[in-house]
There are 2 protein chains.
Amino acid sequence: MANIRDVAQKAGVSVATVSRYLNNKGYISEEAKRVISAAVEELNYRPSLVARSLNTKQAMFIGLIVPDIVNPFFPELARAIEDVALEYDYTVVLCNSDEKIEKEIHYLNTLQQKYVAGFIVAASHAETSHYTDLNVPIVAIDRRIHPSIPLVATDNREGARIGTEHLLANGCRKILCMKGPSGLGPADDRLMGFMDAVEGKDIEIEVVESPFQFDASESIARTILQQQSIDGIFASSDVSAAGAMKAAYSLGISVPDQLQIVGYDGTMLAGQLTPSLTTVAQDLYQIGALASRMLIKLIEGQELEEREIQIQAELIIRGTTRSGA
Amino acid sequence: MANIRDVAQKAGVSVATVSRYLNNKGYISEEAKRVISAAVEELNYRPSLVARSLNTKQAMFIGLIVPDIVNPFFPELARAIEDVALEYDYTVVLCNSDEKIEKEIHYLNTLQQKYVAGFIVAASHAETSHYTDLNVPIVAIDRRIHPSIPLVATDNREGARIGTEHLLANGCRKILCMKGPSGLGPADDRLMGFMDAVEGKDIEIEVVESPFQFDASESIARTILQQQSIDGIFASSDVSAAGAMKAAYSLGISVPDQLQIVGYDGTMLAGQLTPSLTTVAQDLYQIGALASRMLIKLIEGQELEEREIQIQAELIIRGTTRSGA
DNA sequence: TTGAAAGCGCTAACAG
DNA sequence: CTGTTAGCGCTTTCAA
């Protein structure tokens, strides 16, 4: 592999000039540009980004920390982040934390040793000093980490309200809310939105905590559906809704005739179920893209107009509620 | 941030000794170890991996190139790769190629400029010189890139045969094969496996090409189901199978009573559908993990016992075929 | 506009 | 067992 010295030599200029040429910095004569360009071409020269990083103390990559990329919620986010990163010549390092703070810390440390330019993180813990004490920029997605850390997320409370209203409008009188893990910001917000919608109305409600996992959600739903005559379910995630659909099916309860279901997230899964799932969709791609743009601004030392961006959720009416197909 | 010189100074030794200590190389007195360790501790010293890379010409990360992480086939693979990478202190860079050769080349180049240690790639093109001419190790997953490149993949032909046999055993007489994109290795292999199973048997078959996408698969399936009395579908992917389920549902065809369906891949989606999908499961996690281990061996200069690993596919019988629940 | 030279932080001979 | 020193390939003053 040719290095900058080879190029300088072949072009008959100094390495400093080549460096300036490479970075469009300082004055360079047209003549110099020409010869350098030719030399670069001829030697098929590619600058070592590592050597550059050693000087600038910054590598062109960003760390993405998510609980688990297998959770269908994250791939779209990751995709968006990568697309924007590519646009700015950054590269994305994928880190699965399993929600474990030790793993998060490990990545935070290791990547900083590699001069990571910044982080995008989906996490929430009581202890946040590892994030607030970082000396590279960071932006949070989906979950608030700390008031001082920029955030891009959906307006979950409002989204849940809209989803629940839809069930109400469709005539549901006894609604089950499968809320997400308590303590998890977005899940709590969605529960609030659910309560906002049912409050004061003459309907029965039942609230149960259910993880964002299919099997667990299915069995939780089955248990409740066996005991009570539920006619509507508001699930805090599409996966939970899918579990509920399965439970209803196995109990011979027809959806949407006897039971209507609304999910949350708007993942691909929702559209691929049969019947397809009515869901409160988050614009995952947009969340990822905005977070990525925000982080890059921070990395480049620009000011942020807004430190928190709320994306509106949108109700997508499909086959699991009656007004749908 | 403290550097190695600070540590050496504080410990009262030379940087060389500190370096040796850090890398467990060469002899170091217990006394030296003690003072260095103390200095490291005190200064909270973390070696710059970038400076190290500049010397060794190798950064501790591997590039993962997949068509699109949003495709549910890839997250599990990515997860496995990352898990193994973590075990060996490597970090994973996620690259979405959209099957575009220019994007693949872009990543290949950029990451090499960053001294990437190796690549794991899911791709297939006629032109393969960008891969074969690489000067870092590479292993292919899912699709064969070139005979010279190590591969980890499922035995697709055999898997498809097993899946189709299941339909046959369940009494299907008119089977539709929704094959994947032609030219794509695994899809072609699955078609062969399908043919292996039906060949010579007294049953009617229909073969149609269908991309690994839900909407397209749904409409393709709907068209055919309207025109012909199909009683079994072998789909080359779970997504296509999901599309077929939706089509059947909208046409009032009941699954599995009137129509039985077998998918392929064994993604999470298959288990979350209602009824849950009988599918030929690939052990995605294992493929990823093995590929990752293989690559790391290559990076470390070890020999590979096998350059091609075939994983057996496994039929998971569920609700879309009659012998299932 | 350009070049010489001093680093960035670490590794790896080589000499002791 | 340890230290000196010359790089790795690039950026960045500082002079010219």
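Throughout, protein chains are lettered first and strands after them, A, B, ... in sequence-line order, and every chain is numbered starting at 1.
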How close or far is atom [atom2] of [N] from atom [atom1] of [X], stated in whole angstroms?
X: D6(B); N: dC10(C); atom1: CG; atom2: C1'; answer: 13 Å
X: K114(A); N: dC10(C); atom1: NZ; atom2: P; answer: 15 Å
X: I28(B); N: dG3(D); atom1: CD1; atom2: P; answer: 11 Å
X: L54(B); N: dG7(C); atom1: CG; atom2: P; answer: 17 Å
X: Q113(B); N: dG9(D); atom1: CD; atom2: P; answer: 14 Å
X: N3(B); N: dG9(C); atom1: CG; atom2: P; answer: 5 Å
X: I4(B); N: dG3(D); atom1: CD1; atom2: C1'; answer: 13 Å
X: R5(A); N: dA4(C); atom1: CZ; atom2: C1'; answer: 13 Å

- Which residue, Y115(B) or V13(B), contacts DNA chain D at a nucleotide closer to its 5' end, judged by nearest heavy atom?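 The residue closer to the strand's 5' end, by nearest nucleotide, is V13(B).
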**Prompt:** Counting only side-chain N and O atoms of S53(B), is one of them less than 4.0 Å from OP1 or OP2 of dC10(C)?
**Reply:**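 Indeed not, no polar side-chain atom of S53(B) lies that close.
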inquiry  = With a 4.0 Å limit, can you tell me whether K57(B) has a side-chain N or O closer than that to the phosphate oxygens OP1/OP2 of dT11(C)?
reply    =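 Answer is no, no contact under 4.0 Å.
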Picking from dT4(D), dT11(D), dG3(C), the nucleotide nearest the side-chain atoms of S14(B) would be dT4(D)
Checklist line | Y107(B) and S97(B): side chain donor to acceptor below 3.5 Å | finding: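 No, S97(B) and Y107(B) have no side-chain donor paired with an acceptor closer than 3.5 Å.
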Q) Looking just at side-chain N and O atoms, do D83(A) and Y285(A) make a donor-acceptor pair shorter than 3.5 Å? A)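 Indeed, the side chains of D83(A) and Y285(A) share at least one donor-acceptor pair under 3.5 Å.
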Between [X] and [Y], what is the shortest heavy-atom contact and its length?
X: I299(B); Y: G118(B); value: CD1-N, 4.1 Å
X: I141(A); Y: A291(A); value: CG2-CB, 3.4 Å
X: L54(A); Y: S48(B); value: CD1-OG, 4.5 Å

Numerically ordered, the residues 30-47 of chain A set in heavy-atom contact under 4.0 Å with DNA chain C is A32(A)
Between [X] and [Y], does at least one N-O distance fall below 4.0 Å, as a salt bridge requires?
X: E76(B); Y: R79(B); value: no
X: K297(B); Y: E303(B); value: no
X: K10(B); Y: E41(B); value: no

| More than 12 non-hydrogen atoms from neighbouring residues, nucleotides or ligands closer than 6.0 Å to CZ on R143(B), yes or no? | yes
Atom pairs, protein N/O to nucleotides 12-16 of chain C N/O, distance under 3.5 Å:
residue, atom, partner, partner atom, Å
dA12(C), OP2, K25(B), NZ, 3.1

| For L295(A) and F119(A), what are the C-alpha separation, side-chain angles and deciding distance, and is it a side chain to side chain contact (heavy atoms under 4.5 Å, CB included)? | CA-CA 8 Å; L295(A) 180 65; F119(A) 289 100; 5.7 Å; no
Item checked: Test item: D6(B) side-chain N/O and A2(B) main-chain N/O as donor-acceptor pair under 3.5 Å ->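 Not confirmed, D6(B) side chain does not pair with A2(B) backbone.
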Between the CD1 atom in I28(B) and the OG1 atom in T17(B), the distance rounded to the nearest 0.5 Å is 7.0 Å
In short, the helix from dT1(C)-dA16(D) to dG16(C)-dC1(D) is bent end to end, axes from five pairs each side, to 10°, by 40°
